[in-house]
2 protein chains.
Amino acid sequence: MVKKKETDAGTEQKILAAAKKVFVKKGMDGARMQDIADEAGINKALLHYYFRNKEKLFEQIFAESAGRFIPKVKAILIADTGFYEKIESFCGEYIDMVMQNPYLPMFVMNELQKQPAAMIKKIFKGSLPDLSKFIGQMQEEIKAGRIKPIHPAHLIMNMMSMCIFPFIGRPMLSAVMGISDTQFMTAMEERKKAVPKFIFDAIRK
Amino acid sequence: MVKKKETDAGTEQKILAAAKKVFVKKGMDGARMQDIADEAGINKALLHYYFRNKEKLFEQIFAESAGRFIPKVKAILIADTGFYEKIESFCGEYIDMVMQNPYLPMFVMNELQKQPAAMIKKIFKGSLPDLSKFIGQMQEEIKAGRIKPIHPAHLIMNMMSMCIFPFIGRPMLSAVMGISDTQFMTAMEERKKAVPKFIFDAIRK
DNA sequence: AATTTTGTTAACCAAATGGTTAAATCAAAT
DNA sequence: ATTTGATTTAACCATTTGGTTAACAAAATT
(Lines give C-alpha, C1' and ligand atoms only; values in the text may rest on other atoms or scores of the structure.)
Protein backbone atom coordinates (compact mmCIF):
# COMPACT_ATOMS: atom_id res chain seq x y z
CA MET A 1 0.00 0.00 0.00
CA VAL A 2 1.79 3.07 -1.26
CA LYS A 3 0.59 6.55 -0.50
CA LYS A 4 -2.76 7.29 -2.00
CA LYS A 5 -3.89 10.48 -3.64
CA GLU A 6 -2.41 12.68 -0.94
CA THR A 7 -0.23 15.53 -2.13
CA ASP A 8 3.49 15.46 -1.47
CA ALA A 9 3.43 16.91 2.04
CA GLY A 10 0.65 14.56 3.09
CA THR A 11 -2.76 16.05 3.61
CA GLU A 12 -2.90 15.20 7.27
CA GLN A 13 0.39 16.89 7.96
CA LYS A 14 -0.65 19.94 5.98
CA ILE A 15 -3.79 20.14 8.07
CA LEU A 16 -1.93 19.82 11.34
CA ALA A 17 0.53 22.52 10.35
CA ALA A 18 -2.28 24.82 9.24
CA ALA A 19 -4.33 24.12 12.35
CA LYS A 20 -1.40 24.81 14.59
CA LYS A 21 -0.75 28.10 12.90
CA VAL A 22 -4.36 29.24 13.14
CA PHE A 23 -5.07 27.91 16.62
CA VAL A 24 -1.89 29.33 18.12
CA LYS A 25 -2.59 32.71 16.59
CA LYS A 26 -6.33 32.96 17.23
CA GLY A 27 -6.98 30.55 20.05
CA MET A 28 -9.69 27.89 20.16
CA ASP A 29 -12.54 30.42 20.15
CA GLY A 30 -11.11 32.73 17.54
CA ALA A 31 -10.02 30.03 15.12
CA ARG A 32 -12.27 29.23 12.15
CA MET A 33 -12.39 25.84 10.48
CA GLN A 34 -12.61 27.60 7.14
CA ASP A 35 -9.41 29.50 7.88
CA ILE A 36 -7.64 26.27 8.72
CA ALA A 37 -8.88 24.69 5.50
CA ASP A 38 -7.74 27.71 3.49
CA GLU A 39 -4.37 27.73 5.18
CA ALA A 40 -3.97 24.05 4.33
CA GLY A 41 -5.19 24.66 0.79
CA ILE A 42 -8.02 22.14 1.03
CA ASN A 43 -11.77 21.97 1.23
CA LYS A 44 -13.50 22.37 4.56
CA ALA A 45 -15.21 19.00 4.19
CA LEU A 46 -11.85 17.33 3.86
CA LEU A 47 -10.88 18.82 7.18
CA HIS A 48 -13.78 16.98 8.78
CA TYR A 49 -12.84 13.86 6.86
CA TYR A 50 -9.47 13.80 8.63
CA PHE A 51 -10.56 15.22 11.97
CA ARG A 52 -14.11 14.61 13.09
CA ASN A 53 -14.62 18.07 14.53
CA LYS A 54 -13.02 21.28 15.74
CA GLU A 55 -12.61 20.04 19.27
CA LYS A 56 -10.78 16.89 18.23
CA LEU A 57 -8.45 18.86 16.03
CA PHE A 58 -7.85 21.39 18.75
CA GLU A 59 -7.09 18.73 21.31
CA GLN A 60 -4.43 17.28 19.08
CA ILE A 61 -2.77 20.63 18.54
CA PHE A 62 -3.06 21.63 22.14
CA ALA A 63 -1.68 18.38 23.48
CA GLU A 64 1.30 18.66 21.19
CA SER A 65 1.83 22.29 22.17
CA ALA A 66 1.41 21.82 25.90
CA GLY A 67 3.61 18.78 25.67
CA ARG A 68 6.50 20.97 24.70
CA PHE A 69 6.41 22.73 28.01
CA ILE A 70 6.58 19.93 30.48
CA PRO A 71 8.83 17.15 29.17
CA LYS A 72 11.74 19.54 28.87
CA VAL A 73 11.31 20.66 32.46
CA LYS A 74 11.13 17.06 33.47
CA ALA A 75 14.24 15.99 31.63
CA ILE A 76 16.31 18.83 32.93
CA LEU A 77 15.22 18.63 36.54
CA ILE A 78 15.68 14.91 36.75
CA ALA A 79 18.98 14.81 34.91
CA ASP A 80 22.10 13.63 36.64
CA THR A 81 23.72 17.06 36.70
CA GLY A 82 24.48 19.56 39.41
CA PHE A 83 22.13 22.14 40.85
CA TYR A 84 23.66 25.08 39.03
CA GLU A 85 23.93 23.29 35.70
CA LYS A 86 20.25 22.50 35.90
CA ILE A 87 19.33 26.12 36.29
CA GLU A 88 21.65 27.08 33.46
CA SER A 89 20.38 24.49 31.05
CA PHE A 90 16.77 25.08 31.98
CA CYS A 91 17.01 28.80 31.20
CA GLY A 92 19.09 28.31 28.08
CA GLU A 93 17.02 25.55 26.54
CA TYR A 94 13.67 26.94 27.58
CA ILE A 95 14.31 30.40 26.25
CA ASP A 96 15.72 28.84 23.11
CA MET A 97 12.62 26.74 22.57
CA VAL A 98 10.31 29.67 23.19
CA MET A 99 12.29 31.90 20.84
CA GLN A 100 11.50 29.40 18.13
CA ASN A 101 7.82 29.41 19.09
CA PRO A 102 7.18 32.89 20.45
CA TYR A 103 3.40 32.57 20.53
CA LEU A 104 3.27 29.15 22.08
CA PRO A 105 3.41 30.24 25.74
CA MET A 106 0.51 32.64 25.37
CA PHE A 107 -1.53 30.03 23.55
CA VAL A 108 -0.90 27.25 26.01
CA MET A 109 -1.29 29.35 29.14
CA ASN A 110 -4.46 30.93 27.86
CA GLU A 111 -6.17 27.70 26.88
CA LEU A 112 -4.98 26.08 30.07
CA GLN A 113 -6.67 28.75 32.12
CA LYS A 114 -9.99 28.03 30.43
CA GLN A 115 -9.87 24.38 31.33
CA PRO A 116 -11.37 23.19 34.60
CA ALA A 117 -8.91 22.09 37.24
CA ALA A 118 -9.76 18.43 36.71
CA MET A 119 -8.89 18.59 33.01
CA ILE A 120 -5.57 20.21 33.79
CA LYS A 121 -4.59 17.37 36.07
CA LYS A 122 -5.42 14.96 33.27
CA ILE A 123 -3.35 16.94 30.78
CA PHE A 124 -0.25 16.89 32.92
CA LYS A 125 -0.92 13.37 34.09
CA GLY A 126 2.24 11.36 33.97
CA SER A 127 4.30 14.10 32.42
CA LEU A 128 4.61 15.96 35.71
CA PRO A 129 8.26 16.43 36.54
CA ASP A 130 9.56 15.07 39.78
CA LEU A 131 10.86 18.10 41.60
CA SER A 132 12.09 16.19 44.61
CA LYS A 133 15.55 15.61 43.21
CA PHE A 134 16.02 19.24 42.27
CA ILE A 135 14.64 20.40 45.60
CA GLY A 136 16.89 17.93 47.37
CA GLN A 137 19.93 19.29 45.58
CA MET A 138 18.83 22.76 46.49
CA GLN A 139 18.44 21.97 50.17
CA GLU A 140 21.88 20.42 50.13
CA GLU A 141 23.32 23.67 48.86
CA ILE A 142 21.43 25.55 51.54
CA LYS A 143 22.63 23.24 54.29
CA ALA A 144 26.19 23.55 53.02
CA GLY A 145 25.79 27.29 53.36
CA ARG A 146 26.51 27.96 49.69
CA ILE A 147 23.15 29.52 48.93
CA LYS A 148 20.65 31.49 50.97
CA PRO A 149 17.62 29.73 52.41
CA ILE A 150 14.87 30.32 49.89
CA HIS A 151 11.68 28.38 49.36
CA PRO A 152 12.08 26.13 46.30
CA ALA A 153 8.63 27.10 45.07
CA HIS A 154 9.66 30.72 44.83
CA LEU A 155 12.90 29.92 43.07
CA ILE A 156 11.13 27.77 40.50
CA MET A 157 8.46 30.39 39.99
CA ASN A 158 11.06 33.08 39.56
CA MET A 159 13.01 31.04 37.08
CA MET A 160 10.03 30.10 34.95
CA SER A 161 8.64 33.64 35.16
CA MET A 162 11.81 35.25 33.89
CA CYS A 163 12.16 32.74 31.07
CA ILE A 164 8.59 32.71 29.82
CA PHE A 165 6.91 35.98 30.71
CA PRO A 166 8.76 38.26 28.31
CA PHE A 167 7.13 36.37 25.44
CA ILE A 168 3.68 36.69 26.95
CA GLY A 169 4.05 40.32 27.91
CA ARG A 170 5.92 41.17 24.76
CA PRO A 171 3.52 43.81 23.41
CA MET A 172 3.38 45.59 26.76
CA LEU A 173 7.09 45.32 27.42
CA SER A 174 7.95 46.48 23.92
CA ALA A 175 5.64 49.45 24.28
CA VAL A 176 6.74 50.36 27.80
CA MET A 177 10.41 50.15 26.97
CA GLY A 178 10.10 51.26 23.41
CA ILE A 179 12.00 48.46 21.74
CA SER A 180 11.77 47.00 18.25
CA ASP A 181 11.27 43.38 17.28
CA THR A 182 14.92 42.79 16.58
CA GLN A 183 15.92 44.50 19.80
CA PHE A 184 13.50 42.24 21.60
CA MET A 185 14.99 39.10 20.14
CA THR A 186 18.49 40.31 20.90
CA ALA A 187 17.48 40.88 24.50
CA MET A 188 16.02 37.39 24.66
CA GLU A 189 19.24 35.93 23.34
CA GLU A 190 21.08 37.77 26.12
CA ARG A 191 18.68 36.43 28.70
CA LYS A 192 19.80 32.86 28.11
CA LYS A 193 22.88 33.81 30.15
CA ALA A 194 21.54 36.84 32.01
CA VAL A 195 18.69 35.04 33.77
CA PRO A 196 20.76 32.25 35.30
CA LYS A 197 23.36 34.83 36.31
CA PHE A 198 20.64 36.91 37.95
CA ILE A 199 19.43 33.84 39.82
CA PHE A 200 22.88 32.83 40.99
CA ASP A 201 23.60 36.34 42.16
CA ALA A 202 20.33 36.34 44.07
CA ILE A 203 20.81 33.08 45.91
CA ARG A 204 24.57 32.81 46.34
CA LYS A 205 25.68 33.54 49.87
CA MET B 1 -33.06 65.17 36.63
CA VAL B 2 -33.15 62.26 39.07
CA LYS B 3 -32.31 58.74 38.10
CA LYS B 4 -34.74 57.27 35.64
CA LYS B 5 -36.18 53.81 35.65
CA GLU B 6 -32.82 52.22 36.22
CA THR B 7 -32.65 49.74 39.04
CA ASP B 8 -30.70 50.61 42.16
CA ALA B 9 -27.28 49.57 40.93
CA GLY B 10 -27.78 51.47 37.68
CA THR B 11 -28.26 49.43 34.55
CA GLU B 12 -25.14 50.75 32.88
CA GLN B 13 -22.98 49.81 35.84
CA LYS B 14 -24.59 46.38 36.03
CA ILE B 15 -23.79 45.88 32.36
CA LEU B 16 -20.20 46.97 32.76
CA ALA B 17 -19.70 44.68 35.73
CA ALA B 18 -21.26 41.77 33.87
CA ALA B 19 -19.30 42.48 30.71
CA LYS B 20 -16.05 42.66 32.61
CA LYS B 21 -16.75 39.36 34.28
CA VAL B 22 -17.59 37.60 31.03
CA PHE B 23 -14.91 39.21 28.86
CA VAL B 24 -12.14 38.64 31.38
CA LYS B 25 -13.14 35.02 31.76
CA LYS B 26 -13.84 34.14 28.13
CA GLY B 27 -11.94 36.73 26.12
CA MET B 28 -13.33 38.80 23.26
CA ASP B 29 -13.87 35.79 20.99
CA GLY B 30 -15.31 33.49 23.61
CA ALA B 31 -17.66 36.03 25.17
CA ARG B 32 -21.32 35.99 24.16
CA MET B 33 -23.55 39.02 24.28
CA GLN B 34 -26.36 36.82 25.58
CA ASP B 35 -24.17 35.68 28.47
CA ILE B 36 -23.39 39.25 29.36
CA ALA B 37 -27.08 40.14 29.26
CA ASP B 38 -27.93 37.16 31.44
CA GLU B 39 -25.16 37.99 33.88
CA ALA B 40 -26.50 41.54 34.11
CA GLY B 41 -30.05 40.24 34.45
CA ILE B 42 -31.34 42.17 31.47
CA ASN B 43 -32.55 41.67 27.94
CA LYS B 44 -30.05 41.41 25.12
CA ALA B 45 -31.66 44.30 23.28
CA LEU B 46 -31.06 46.52 26.28
CA LEU B 47 -27.41 45.69 26.05
CA HIS B 48 -27.34 47.14 22.56
CA TYR B 49 -29.35 50.10 23.77
CA TYR B 50 -26.54 51.03 26.16
CA PHE B 51 -23.61 49.89 24.04
CA ARG B 52 -23.96 49.96 20.30
CA ASN B 53 -22.17 46.68 19.69
CA LYS B 54 -19.88 44.02 21.10
CA GLU B 55 -16.74 45.77 19.96
CA LYS B 56 -17.64 49.06 21.63
CA LEU B 57 -18.44 47.29 24.87
CA PHE B 58 -15.25 45.30 24.67
CA GLU B 59 -13.16 48.38 24.04
CA GLN B 60 -14.52 50.01 27.15
CA ILE B 61 -13.79 46.99 29.31
CA PHE B 62 -10.40 46.45 27.77
CA ALA B 63 -9.33 50.06 28.11
CA GLU B 64 -10.31 50.07 31.74
CA SER B 65 -8.52 46.77 32.33
CA ALA B 66 -5.36 47.64 30.47
CA GLY B 67 -5.39 51.01 32.15
CA ARG B 68 -4.83 49.33 35.47
CA PHE B 69 -1.52 48.03 34.35
CA ILE B 70 0.23 51.11 33.22
CA PRO B 71 -0.72 54.09 35.41
CA LYS B 72 0.50 52.30 38.50
CA VAL B 73 3.83 51.61 36.88
CA LYS B 74 4.00 55.20 35.86
CA ALA B 75 3.20 56.64 39.26
CA ILE B 76 5.67 54.44 41.05
CA LEU B 77 8.55 54.89 38.66
CA ILE B 78 8.17 58.63 38.51
CA ALA B 79 7.63 59.14 42.23
CA ASP B 80 10.09 61.12 44.27
CA THR B 81 11.36 58.10 46.15
CA GLY B 82 14.60 56.19 46.15
CA PHE B 83 15.61 53.41 43.79
CA TYR B 84 15.06 50.61 46.27
CA GLU B 85 11.76 51.96 47.55
CA LYS B 86 10.50 52.03 43.99
CA ILE B 87 11.24 48.37 43.48
CA GLU B 88 9.66 47.53 46.82
CA SER B 89 6.49 49.48 46.21
CA PHE B 90 6.20 48.31 42.63
CA CYS B 91 6.30 44.64 43.63
CA GLY B 92 4.09 45.14 46.65
CA GLU B 93 1.41 47.18 44.98
CA TYR B 94 1.47 45.32 41.71
CA ILE B 95 1.15 41.89 43.25
CA ASP B 96 -1.54 43.27 45.52
CA MET B 97 -3.52 44.63 42.61
CA VAL B 98 -3.19 41.41 40.65
CA MET B 99 -4.21 39.31 43.64
CA GLN B 100 -7.47 41.22 43.63
CA ASN B 101 -7.87 40.62 39.88
CA PRO B 102 -6.17 37.30 39.25
CA TYR B 103 -7.46 36.87 35.72
CA LEU B 104 -6.77 40.37 34.56
CA PRO B 105 -3.16 39.83 33.42
CA MET B 106 -4.04 36.88 31.22
CA PHE B 107 -6.95 38.77 29.70
CA VAL B 108 -5.01 41.93 28.98
CA MET B 109 -1.87 40.22 27.70
CA ASN B 110 -3.85 37.89 25.49
CA GLU B 111 -5.99 40.58 23.88
CA LEU B 112 -2.98 42.79 23.55
CA GLN B 113 -1.17 40.15 21.57
CA LYS B 114 -4.03 39.97 19.08
CA GLN B 115 -3.90 43.67 18.39
CA PRO B 116 -1.69 44.95 15.58
CA ALA B 117 1.39 46.88 16.69
CA ALA B 118 -0.12 50.17 15.63
CA MET B 119 -3.15 49.72 17.85
CA ILE B 120 -0.94 48.89 20.82
CA LYS B 121 0.92 52.16 20.46
CA LYS B 122 -2.39 53.95 20.46
CA ILE B 123 -3.57 52.12 23.56
CA PHE B 124 -0.52 53.07 25.58
CA LYS B 125 -0.40 56.51 24.06
CA GLY B 126 0.21 59.08 26.75
CA SER B 127 0.07 56.59 29.58
CA LEU B 128 3.53 55.28 28.87
CA PRO B 129 5.67 55.64 31.96
CA ASP B 130 8.83 57.67 31.73
CA LEU B 131 11.54 55.21 32.63
CA SER B 132 14.34 57.73 32.37
CA LYS B 133 14.17 58.79 36.00
CA PHE B 134 14.19 55.23 37.26
CA ILE B 135 16.98 54.28 34.88
CA GLY B 136 18.90 57.36 35.95
CA GLN B 137 18.62 56.39 39.59
CA MET B 138 19.74 52.92 38.70
CA GLN B 139 22.80 54.11 36.83
CA GLU B 140 23.70 56.29 39.79
CA GLU B 141 23.66 53.24 42.02
CA ILE B 142 25.82 51.42 39.53
CA LYS B 143 28.30 54.25 39.27
CA ALA B 144 28.43 54.50 43.06
CA GLY B 145 29.34 50.83 43.07
CA ARG B 146 26.39 49.83 45.20
CA ILE B 147 24.80 47.52 42.62
CA LYS B 148 26.19 45.39 39.83
CA PRO B 149 26.10 46.71 36.28
CA ILE B 150 22.94 45.25 34.77
CA HIS B 151 20.96 46.44 31.80
CA PRO B 152 17.85 48.29 33.03
CA ALA B 153 15.72 46.50 30.45
CA HIS B 154 16.57 43.15 31.98
CA LEU B 155 15.94 44.35 35.50
CA ILE B 156 12.55 45.73 34.58
CA MET B 157 11.65 42.58 32.66
CA ASN B 158 12.71 40.42 35.58
CA MET B 159 10.72 42.47 38.04
CA MET B 160 7.54 42.50 35.98
CA SER B 161 7.94 38.82 35.09
CA MET B 162 8.21 37.71 38.68
CA CYS B 163 5.24 39.84 39.74
CA ILE B 164 2.86 38.98 36.95
CA PHE B 165 3.72 35.60 35.51
CA PRO B 166 2.62 33.43 38.42
CA PHE B 167 -0.94 34.56 37.77
CA ILE B 168 -0.71 33.77 34.09
CA GLY B 169 1.00 30.45 34.51
CA ARG B 170 -1.03 29.57 37.56
CA PRO B 171 -2.62 26.37 36.22
CA MET B 172 0.74 25.06 35.05
CA LEU B 173 2.60 26.13 38.16
CA SER B 174 -0.07 24.72 40.44
CA ALA B 175 0.01 21.43 38.59
CA VAL B 176 3.81 21.21 38.39
CA MET B 177 4.30 22.04 42.03
CA GLY B 178 1.12 20.42 43.25
CA ILE B 179 -0.27 23.30 45.25
CA SER B 180 -3.83 24.21 46.17
CA ASP B 181 -5.60 27.50 45.59
CA THR B 182 -5.07 28.72 49.12
CA GLN B 183 -1.44 27.66 49.04
CA PHE B 184 -1.08 29.62 45.85
CA MET B 185 -2.52 32.79 47.33
CA THR B 186 -0.35 32.39 50.42
CA ALA B 187 2.70 32.10 48.20
CA MET B 188 1.66 35.25 46.33
CA GLU B 189 1.30 37.11 49.59
CA GLU B 190 4.84 36.05 50.46
CA ARG B 191 6.09 37.23 47.11
CA LYS B 192 5.25 40.83 47.89
CA LYS B 193 8.37 40.78 50.07
CA ALA B 194 10.20 37.83 48.53
CA VAL B 195 10.45 39.25 45.02
CA PRO B 196 12.04 42.60 45.97
CA LYS B 197 14.38 40.72 48.29
CA PHE B 198 15.33 38.38 45.46
CA ILE B 199 16.02 41.36 43.24
CA PHE B 200 18.10 43.20 45.82
CA ASP B 201 20.12 40.08 46.50
CA ALA B 202 20.70 39.68 42.80
CA ILE B 203 21.92 43.19 42.10
CA ARG B 204 23.59 44.25 45.35
CA LYS B 205 27.33 44.24 45.11
C1' DA C 1 -53.99 64.80 32.85
C1' DA C 2 -51.83 64.59 28.53
C1' DT C 3 -47.68 64.18 26.12
C1' DT C 4 -43.10 63.36 25.25
C1' DT C 5 -38.91 61.07 26.33
C1' DT C 6 -36.35 57.30 28.19
C1' DG C 7 -35.87 52.53 29.49
C1' DT C 8 -37.07 47.65 28.62
C1' DT C 9 -38.72 43.61 26.33
C1' DA C 10 -40.20 39.76 23.03
C1' DA C 11 -39.84 38.52 18.58
C1' DC C 12 -37.37 38.61 14.64
C1' DC C 13 -33.46 38.78 11.02
C1' DA C 14 -29.22 38.03 8.46
C1' DA C 15 -24.68 36.52 8.56
C1' DA C 16 -21.35 33.43 10.20
C1' DT C 17 -20.01 28.97 11.37
C1' DG C 18 -19.46 23.99 12.46
C1' DG C 19 -20.78 20.12 10.34
C1' DT C 20 -23.05 16.82 6.68
C1' DT C 21 -24.26 14.75 2.15
C1' DA C 22 -23.87 13.08 -2.19
C1' DA C 23 -21.43 13.17 -6.11
C1' DA C 24 -16.95 13.19 -8.40
C1' DT C 25 -11.80 11.77 -8.73
C1' DC C 26 -8.17 9.09 -8.38
C1' DA C 27 -5.10 5.20 -7.34
C1' DA C 28 -4.79 0.46 -6.55
C1' DA C 29 -6.52 -4.23 -7.02
C1' DT C 30 -9.06 -7.51 -9.88
C1' DA D 1 -10.73 -2.53 -18.70
C1' DT D 2 -13.46 -2.83 -14.60
C1' DT D 3 -14.19 -2.64 -10.01
C1' DT D 4 -13.24 -1.14 -5.47
C1' DG D 5 -12.13 1.75 -1.88
C1' DA D 6 -10.11 5.85 -0.37
C1' DT D 7 -9.79 10.91 -1.14
C1' DT D 8 -11.65 15.38 -2.41
C1' DT D 9 -15.11 18.68 -3.55
C1' DA D 10 -19.40 21.67 -4.19
C1' DA D 11 -23.55 22.38 -2.30
C1' DC D 12 -26.25 22.24 1.49
C1' DC D 13 -28.11 22.32 6.46
C1' DA D 14 -28.94 23.56 11.31
C1' DT D 15 -27.50 26.26 14.93
C1' DT D 16 -25.46 30.02 16.98
C1' DT D 17 -24.87 34.71 17.37
C1' DG D 18 -24.57 39.77 16.86
C1' DG D 19 -27.75 42.97 15.97
C1' DT D 20 -32.55 45.22 14.82
C1' DT D 21 -37.55 46.32 15.16
C1' DA D 22 -41.68 47.45 17.01
C1' DA D 23 -44.37 47.56 20.80
C1' DC D 24 -44.79 48.37 25.73
C1' DA D 25 -43.81 50.50 30.33
C1' DA D 26 -42.12 53.98 33.27
C1' DA D 27 -40.54 58.59 34.06
C1' DA D 28 -40.17 63.24 33.13
C1' DT D 29 -42.15 67.38 31.04
C1' DT D 30 -45.87 70.20 29.68
Side-chain angles (χ1 to χ4, degrees), chain A residues 1-63 65 107 110-111 114-115 119, chain B residues 1-63 65 107 110-111 114-115 119:
Chain A
M1 201 215 291
V2 203
K3 71 175 175 185
K4 296 287 160 61
K5 202 180 172 185
E6 292 181 0
T7 330
D8 45 334
T11 307
E12 190 168 335
Q13 289 309 310
K14 278 200 303 182
I15 291 176
L16 286 170
K20 182 172 181 176
K21 188 171 172 181
V22 175
F23 274 131
V24 168
K25 186 173 174 191
K26 310 256 195 166
M28 167 64 174
D29 291 327
R32 296 287 161 255
M33 291 299 266
Q34 186 61 60
D35 292 345
I36 294 173
D38 290 349
E39 179 72 33
I42 59 163
N43 185 286
K44 184 159 65 92
L46 193 55
L47 203 53
H48 286 86
Y49 177 75
Y50 279 88
F51 299 88
R52 215 180 317 286
N53 55 37
K54 190 181 180 183
E55 211 179 312
K56 284 266 184 299
L57 180 54
F58 173 78
E59 271 168 26
Q60 195 135 147
I61 299 296
F62 180 72
S65 299
F107 170 65
N110 188 41
E111 299 298 338
K114 290 194 223 156
Q115 304 283 348
M119 177 56 64
Chain B
M1 199 217 289
V2 203
K3 70 175 177 185
K4 300 288 162 57
K5 197 183 172 186
E6 293 180 357
T7 331
D8 46 337
T11 307
E12 189 167 335
Q13 289 311 309
K14 279 200 303 182
I15 292 176
L16 285 170
K20 183 172 180 177
K21 187 170 173 183
V22 175
F23 273 132
V24 168
K25 186 173 174 190
K26 309 257 196 165
M28 167 64 173
D29 292 327
R32 297 287 163 254
M33 292 298 267
Q34 186 61 60
D35 292 345
I36 294 173
D38 291 348
E39 179 73 33
I42 58 163
N43 187 285
K44 184 159 64 96
L46 193 56
L47 202 53
H48 286 86
Y49 176 76
Y50 279 89
F51 298 89
R52 215 180 318 287
N53 55 38
K54 188 181 179 182
E55 210 178 314
K56 285 268 184 296
L57 180 55
F58 173 77
E59 271 168 26
Q60 196 137 142
I61 299 296
F62 180 71
S65 299
F107 170 65
N110 188 40
E111 299 299 336
K114 289 193 221 159
Q115 305 283 348
M119 177 56 64

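Values in this document were obtained by computation on a predicted structure and should not be read as measured data. Reminder, nothing fancy here: chain letters follow the sequence lines and each chain counts from 1.
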Item to check | Residue pair A:Leu47 / A:Ala37: nearest heavy atoms and the distance that separates them | outcome: CD2-N, 4.0 Å
Item to check | Atom-to-atom span, CG of B:Leu47 to P of D:dG19 - whole angstrom | outcome: 9 Å
Checklist entry - Think B:Thr11 has a side-chain N or O under 4.0 angstrom from the OP1 or OP2 of C:dT8? => result yes
Checklist entry - Within this structure, what is the CD-to-P distance between A:Gln34 and C:dT17, rounded to whole angstrom? => result 9 Å
Checklist entry - Side-chain donor or acceptor of A:Lys44 under 3.5 Å from a matching atom on the base of C:dG18? => result yes
Checklist entry - Quick one: NZ on B:Lys44 to CG on B:Asp38, what's the gap to the nearest 0.5 Å? => result 10.5 Å
Quick one: side chains of residues 23-33 of chain A, donor-acceptor pairs under 3.5 Å with protein atoms, not counting sequence neighbours, listed by atom name and distance.
from, atom 1, to, atom 2, distance (Å)
A:Asp29, OD2, A:Lys114, NZ, 3.3
A:Arg32, NH1, A:Asp29, O, 3.2

Next on the checklist: Using whole Å, what does the distance between atom C1' of nucleotide C:dG19 and atom CD of A:Glu55 come to?
Outcome noted: 14 Å
Checklist entry - Closer than 4.0 Å, any side-chain N/O of B:Arg32 to the OP1 or OP2 of D:dG18? => result yes
Next on the checklist: side-chain contact (heavy atoms from CB on, under 4.5 Å), that's the test. Do B:Tyr50 and B:Leu57 meet it? Break it down for me.
Outcome noted: CA-CA 9 Å; B:Tyr50 279 89; B:Leu57 180 55; over 6 Å; no
Checklist entry - What is the minimum heavy-atom distance between A:Arg52 and A:Lys56, and which atoms define it? => result NE-CE, 4.3 Å
Checklist entry - Within the structure shown, what part of the strands sits under 4.0 Å from A:Ala31 by heavy-atom distance: base, sugar-phosphate, or nothing? => result sugar-phosphate
Checklist entry - Between atom NZ in A:Lys54 and atom P in C:dG18, what is the gap in whole Å? => result 5 Å
Checklist entry - Tell me: CG of A:Asn43 to P of C:dA24, nearest whole Å? => result 15 Å
Item to check | Separation of D:dC24 P from B:Ile42 CD1 (nearest whole Å) | outcome: 21 Å
Item to check | A:Asp29 or A:Ala45, whichever maps to the more 5' nucleotide of DNA chain C | outcome: A:Asp29
Next on the checklist: Counting only side-chain nitrogens and oxygens, does A:Tyr49 get under 4.0 Å of the OP1 or OP2 atom of D:dT8?
Outcome noted: no
Item to check | For atom CG of A:Leu46 and atom P of C:dA22, their distance in whole Å | outcome: 18 Å
Checklist entry - Could you state the NE2-C1' distance from B:His48 to C:dA11, rounded to the nearest angstrom? => result 15 Å
